[in-house]
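Heads up: the structure comes next, in structure tokens.
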Amino acid sequence: IYQVLENTLRNLLLERWDLVPALAMLRQSADQIRQRARALVARLPALRAEVVAGQSVTGGGATPEQSIPTWVIAVDCANVVEAERRLRAGDPPVVARIEDGRLIFDLRTVFSAEEEELTSALSILKSEPRP
């Protein structure tokens, strides 16, 4: 754990922001995220999903209500609570939020290297419309 802390502090000191994962995620532009989201949705044509404007919440502590503009993937499901539960129980677990009866995925919190796993996880969802 000391090695990780040392590397993180060194990267901060040398202003290598993109080598600190949380900072790299925060530094992505909304346009970059929109492009990634559109590409991911295009790989899942059977999924009832769209890319919509949203807000990324930066966390608690000193910035509990600070947010950054982003684009999110909004997925319609027949049973949104059951779909969220199935994704969370999967391997690897996928955490989504529920807004307006849809599952919401913010790629600001997903590394590019994890997109294939997310695509596989989302492919198990039924593409049935909401009741």
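- Considering CD of E115 and OG1 of T119, their distance stands at 6.5 Å, rounded to 0.5 Å.
- Hydrophobic clustering places L107 together with L44 (ILVMFWY residues linked when any side-chain heavy atoms are closer than 4.5 Å, directly or through intermediates).
- In this structure, the separation between CZ on R34 and CG on D31 is 4.5 Å, given to the nearest 0.5 Å.
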Item to complete: Output, in order, the C-alpha distance, side-chain angles, deciding distance and verdict of salt bridge (charged side-chain N to carboxylate O under 4.0 Å, His left out) for R97 and E99.
Response: CA-CA 7 Å; R97 65 182 190 254; E99 285 181 10; 2.7 Å; yes
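- Separating the OG atom in S120 from the CD atom in E114 is a distance of 12.5 Å, to the nearest 0.5 Å.
- Judged by distance alone, with hydrogens and angles left aside, the side-chain atoms of R108 form a donor-acceptor pair with the main-chain N or O of Q28 at under 3.5 Å.
- For the atom pair CZ of R38 and CD1 of I33, the computed distance is 13.0 Å after rounding to the nearest 0.5 Å.
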Item to complete: Dump the intermediate steps for side chain to side chain contact (heavy atoms under 4.5 Å, CB included) on T8 and V4, then the final yes or no.
Response: CA-CA 6 Å; T8 300; V4 173; 4.3 Å; yes
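- Closest heavy-atom contact between P69 and A30: O-CB, 3.8 Å.
- Among I98, V75, V80, V72, the single residue meeting the side chain to side chain contact (heavy atoms under 4.5 Å, CB included) criterion with I104 is V72.
- The two atoms that bring A42 and P45 nearest to each other are O-CD, 3.8 Å, heavy atoms only.
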Item to complete: For the pair L87 and L125, evaluate side chain to side chain contact (heavy atoms under 4.5 Å, CB included) and give the outcome as yes or no after the intermediate values.
Response: CA-CA 9 Å; L87 288 170; L125 296 178; 4.1 Å; yes
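- Here the side chains of F105 and V41 are not in contact, with every heavy-atom distance at 4.5 Å or above.
- Remark: L103 CG to L122 CG distance equals 8.5 Å, nearest 0.5 Å.
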Fill in: Residues L26, I68; criterion side chain to side chain contact (heavy atoms under 4.5 Å, CB included); working and verdict
CA-CA 8 Å; L26 289 171; I68 321 170; 3.6 Å; yes
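- Side chain of N79 to main chain of E82: a donor-acceptor pair is present (N/O by atom type, distance under 3.5 Å, no hydrogens or angles).
- Between the CZ atom in R43 and the OG atom in S123 there is a gap of 11.0 Å [rounded to 0.5 Å].
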Practice prompt. Give the C-alpha distance, both sets of side-chain angles, the deciding distance and a yes or no for salt bridge (charged side-chain N to carboxylate O under 4.0 Å, His left out) between R102 and E50.
Written response: CA-CA 11 Å; R102 301 192 292 180; E50 64 178 324; 2.6 Å; yes
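- Between L5 and L9, the closest side-chain pair of non-hydrogen atoms falls below 4.5 Å.
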Worksheet entry | Stepwise side chain to side chain contact (heavy atoms under 4.5 Å, CB included) check, R88 with V94 | CA-CA 5 Å; R88 190 180 294 259; V94 174; over 6 Å; no
